[in-house]
Amino acid sequence: WGEFCVFIQKEQPDLVFIESTTPSWDNDRQQIAALHEQFPAVKICVVGTIVTSRALEILDIPGVVAAKIALVDDSVETP
């Protein structure tokens, strides 16, 4: 988590994707809240299987602007 926050502070992205599943949702939801609290300007998109059962709950979380069922494509490269 610490390394991720350092990365966010350094790169200052407009948007981050958080992938989540049912078994990790409680922890992921806390991380999303902490991310928004520490970096309120960063928009969050939640992706993964959790969206199937919790889309409306996810979209009510402060900072979350989108939720998509599809998983993040590991083949996407970042600069």
Side-chain angles (χ1 to χ4, degrees):
W1 174 252
E3 289 179 28
F4 180 68
C5 288
V6 168
F7 174 81
I8 297 297
Q9 182 69 36
K10 179 181 175 189
E11 299 297 326
Q12 299 182 358
D14 294 326
L15 175 70
V16 297
F17 289 82
I18 305 289
E19 184 175 0
S20 184
T21 60
T22 302
S24 66
W25 176 240
D26 289 337
N27 181 66
D28 295 342
R29 183 182 169 98
Q30 292 174 2
Q31 298 289 13
I32 291 167
L35 177 66
H36 178 67
E37 185 176 317
Q38 191 166 354
F39 304 102
V42 175
K43 295 174 181 80
I44 302 165
C45 176
V46 177
V47 298
T49 57
I50 192 64
V51 177
T52 303
S53 61
R54 306 242 179 158
L56 295 177
E57 174 187 340
I58 291 166
L59 291 171
D60 281 340
I61 299 171
V64 173
V65 297
K68 183 152 176 51
I69 295 170
L71 300 176
V72 174
D73 183 349
D74 291 336
S75 68
V76 174
E77 294 184 20
T78 57

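What you see is a predicted model; the values in this text were computed from it and never measured.
- Closest heavy-atom contact between C45 and A67: SG-N, 4.5 Å.
- Around atom CG of D14, no more than 12 heavy atoms belonging to other residues, nucleotides or ligands sit under 6.0 Å away.
- Looking at F39 and Q12, their side chains never come closer than 4.5 Å, going by heavy atoms from C-beta outward.
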Please lay out, stage by stage, how R29 and R54 fare under the test side chain to side chain contact (heavy atoms under 4.5 Å, CB included). CA-CA 11 Å; R29 183 182 169 98; R54 306 242 179 158; over 6 Å; no
Between I32 and W25, is the side chain to side chain contact (heavy atoms under 4.5 Å, CB included) condition met? List the steps. CA-CA 10 Å; I32 291 167; W25 176 240; 4.1 Å; yes
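- Around CG of L15, the count of heavy atoms belonging to other residues, nucleotides or ligands within 6.0 Å exceeds 12.
- Nearest heavy atoms, H36 versus G63: ND1-CA, 3.4 Å.
- Here the shortest heavy-atom pairing between S20 and D28 reads OG-OD2, 2.6 Å.
- Taken from CD1 in I18 to CG in L35, the straight-line distance is 5.5 Å, to the nearest 0.5 Å.
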With side chain to side chain contact (heavy atoms under 4.5 Å, CB included) as the criterion, how do I50 and T21 come out once you've worked through the C-alpha distance, each side chain's angles and the decisive distance to 0.1 Å? CA-CA 5 Å; I50 192 64; T21 60; 5.7 Å; no
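- Linking Ile, Leu, Val, Met, Phe, Trp and Tyr whenever their side-chain heavy atoms come within less than 4.5 Å leaves L56 and V65 in two separate clusters.
- The shortest heavy-atom contact between K68 and V51 is O-CG2, 3.5 Å.
- Within a 6.0 Å radius of CZ in F7, no more than 12 heavy atoms belonging to other residues, nucleotides or ligands are found.
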